[in-house]
Participant: 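Let me begin by handing over the structure; questions about it come next.
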Number of protein chains: 2
Amino acid sequence: MARLPEYLRALHNLAETGHETVSSEGLANAAGVNSAKLRKDLSQLGSYGTRGVGYDVGLLIDQIEYVLGLTQRRAVALVGVGNLGHALAGYDGFASRGFRIAALFDADQERVGEEINDLVVLHIDELPRVAAEESIAIGVIATPAAAAQRVADQLVAVGVTSILNFAPCVLSVPDGVDVRKVDLAIELQILSFHEHRKASLTALPAAGGSALTALPGGLAVTESQEAIGT
Amino acid sequence: MARLPEYLRALHNLAETGHETVSSEGLANAAGVNSAKLRKDLSQLGSYGTRGVGYDVGLLIDQIEYVLGLTQRRAVALVGVGNLGHALAGYDGFASRGFRIAALFDADQERVGEEINDLVVLHIDELPRVAAEESIAIGVIATPAAAAQRVADQLVAVGVTSILNFAPCVLSVPDGVDVRKVDLAIELQILSFHEHRKASLTALPAAGGSALTALPGGLAVTESQEAIGT
DNA sequence: CGCGATTTGTGCACGTCTTCACAAGCGCCT
DNA sequence: AGGCGCTTGTGAAGACGTGCACAAATCGCG
């Protein structure tokens, strides 16, 4: 499930604050989900809490980390050292949560050789060589949209089977390769939609006016407060 | 729907390449979704394509932009000018897709006064003054997790009703305020999970071994190829 | 003017996810 | 040892999203 990482983060917080056990209710609050949902998710793990007490924080962390495949520190290749790539290369959240940025690549010779966080930016053509030396299963694309598909192909060619794509475009990859997309502008646009909706609702208590004016009110938005969908 | 922004991006691409109309099939491919799903989404808009021809690209862009509330350029306040905040402040994808970063804030006096993209970083205490001058409805939090809740409270206090949160923590906000969360490490962990799953499946054709070893295979992952869920 | 090719809009059925509600189990206190 | 309160695990019901398949509609061409 896609919620496990959120549970894991909440659990680490709890562990740091000295909690040894936690109830489903407590963990659910910390992770921002329903307690029944959380229990069902954890039961899928084969995890066992103790009735009347709750879950053992340390044990649960181990279990989730195992299921997520975080027992080994996975090597990640980051392609595209522009504005966003720079930030990602320097983001310590990766290192602290089970990942190691193994190499930085860029197609721009201007950027090749630059050093970020003790890592030197390599030219993208060096990707096959580096991939042969280190086992890289995850690639991060932080290039402009125009270059993203080409980079994806190159990553797949050297054996990468999971890609995190920050470029605003759809990637086509072979079966067996997973792609997750993060588009920062889209996130804002979704918020803008809710803004517009809220504004329309307060301005027009009873829906009326032209077809266009009635549109946003007509769109059914089921439940979106505190959407944790990423 | 959360897919509208994706359609919009694909439509802009099509418009730039000279297309005046597009079929649901064509647009669905460009956006990475099913064509039936796309038609159903668009029908919710009250949008009308022409049977036998398709949709008018320009008209559809206008409609979607209207529904998303992008007819006005929305002002965004960005709080936290660290590694990630820096990148977000310089990201031109915001400006080109309907948003204007109106102000940058940070709590660190070291960073106050710094200039990024023609914008000067202000101290967070100036937020009320700036908010009074400009109508800011959307806030972006790019601070460490420890500061996020406090910043969220401050944003809500000055009338912000939509928050994009990059800090790895759950925010609690009053009803009527929308929060979207983007956690970069979580995205990687989800990919790691799929990696682990793929590795287990190839290594253990028939499930066997200890309970722990059998776990990842036992987790049902319905359909995740090319996940476009953000 | 009529016909065929094409594409939209949608009814329907299916599978999934979510939530409620409650029985079963565990520990603690007396 | 027994009872009581608390918490887990799960069955069932409902909401929701998804995709198929087809009727209705439009255009172009002869």
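Each chain gets a letter, A, B and so on, in the order its sequence line appears, and its residues count up from 1.
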Participant: Whole Å only: how far is the CG atom of B/Asp56 from the P atom of D/dT26?
Facilitator: 16 Å
Participant: OP1 or OP2 of D/dT8 less than 4.0 angstrom from a side-chain nitrogen or oxygen of A/Ser24, does that happen here?
Facilitator: yes
Participant: State, to 0.1 Å, how close B/Ala145 and B/Ala167 come at their nearest heavy-atom pair, and which atoms those are.
Facilitator: CA-CB, 4.0 Å
Participant: Whole angstroms only, please: what is the CG-C1' distance between A/Leu60 and D/dT8?
Facilitator: 13 Å
Participant: Could you tell me whether the phosphate oxygens of D/dT18, OP1 or OP2, come under 4.0 Å of any side-chain nitrogen or oxygen in B/Lys40?
Facilitator: no
Participant: Work out which heavy atom in A/Gly139 is nearest to a heavy atom in A/Leu155; give both atom names and the distance.
Facilitator: CA-CD1, 4.2 Å
Participant: Check the distance between C/dA5's C1' and B/Glu25's CD and give it to me in whole angstrom.
Facilitator: 16 Å
Participant: Given C/dG9, C/dT8, D/dC20, identify the nucleotide with an atom nearest to the side chain of B/Tyr48.
Facilitator: C/dG9
Participant: Could you state the CZ-C1' distance from B/Arg51 to D/dC22, rounded to the nearest angstrom?
Facilitator: 11 Å
Participant: How about B/Thr71 and B/Glu65: does a side-chain donor come under 3.5 Å of a side-chain acceptor?
Facilitator: no
Participant: Which listed nucleotide (C/dT8, D/dC27, D/dG19) is nearest to the side chain of B/Lys37?
Facilitator: D/dG19
Participant: Report the distance from atom CG of B/Leu38 to atom P of C/dT8, rounded to the nearest whole Å.
Facilitator: 9 Å
Participant: Which whole-number value in Å describes the distance from A/His19 NE2 to D/dT7 P?
Facilitator: 13 Å
Participant: Any idea which heavy atoms bring A/Asn165 and A/Ala148 closest together, and the distance?
Facilitator: OD1-CB, 4.4 Å
Participant: Measure from the side chain of B/Thr50, starting at C-beta and using heavy atoms only, and say which of D/dA21, D/dC27, C/dA21 lies closest.
Facilitator: D/dC27
Participant: Examine D/dC20: is either OP1 or OP2 under 4.0 Å from a nitrogen or oxygen in the side chain of B/Asn34? Give yes or no.
Facilitator: yes
Participant: Would you mind telling me which of C/dG9, D/dC20, D/dT8 lies closest to the side-chain atoms of B/Arg39?
Facilitator: C/dG9
Participant: Rounded to the Å, how far apart are B/Gln44 CD and C/dG11 C1'?
Facilitator: 14 Å
Participant: Return yes if a side-chain donor-acceptor contact under 3.5 Å exists between B/Glu25 and B/Asn29, otherwise no.
Facilitator: no
Participant: Which nucleotide in the set C/dT19, C/dG27, D/dT7 lies at the smallest distance from any side-chain heavy atom of A/Ala36?
Facilitator: C/dT19
Participant: Rounded to whole angstrom units, what separation is found between the CG atom of B/Leu42 and the P atom of C/dG9?
Facilitator: 8 Å
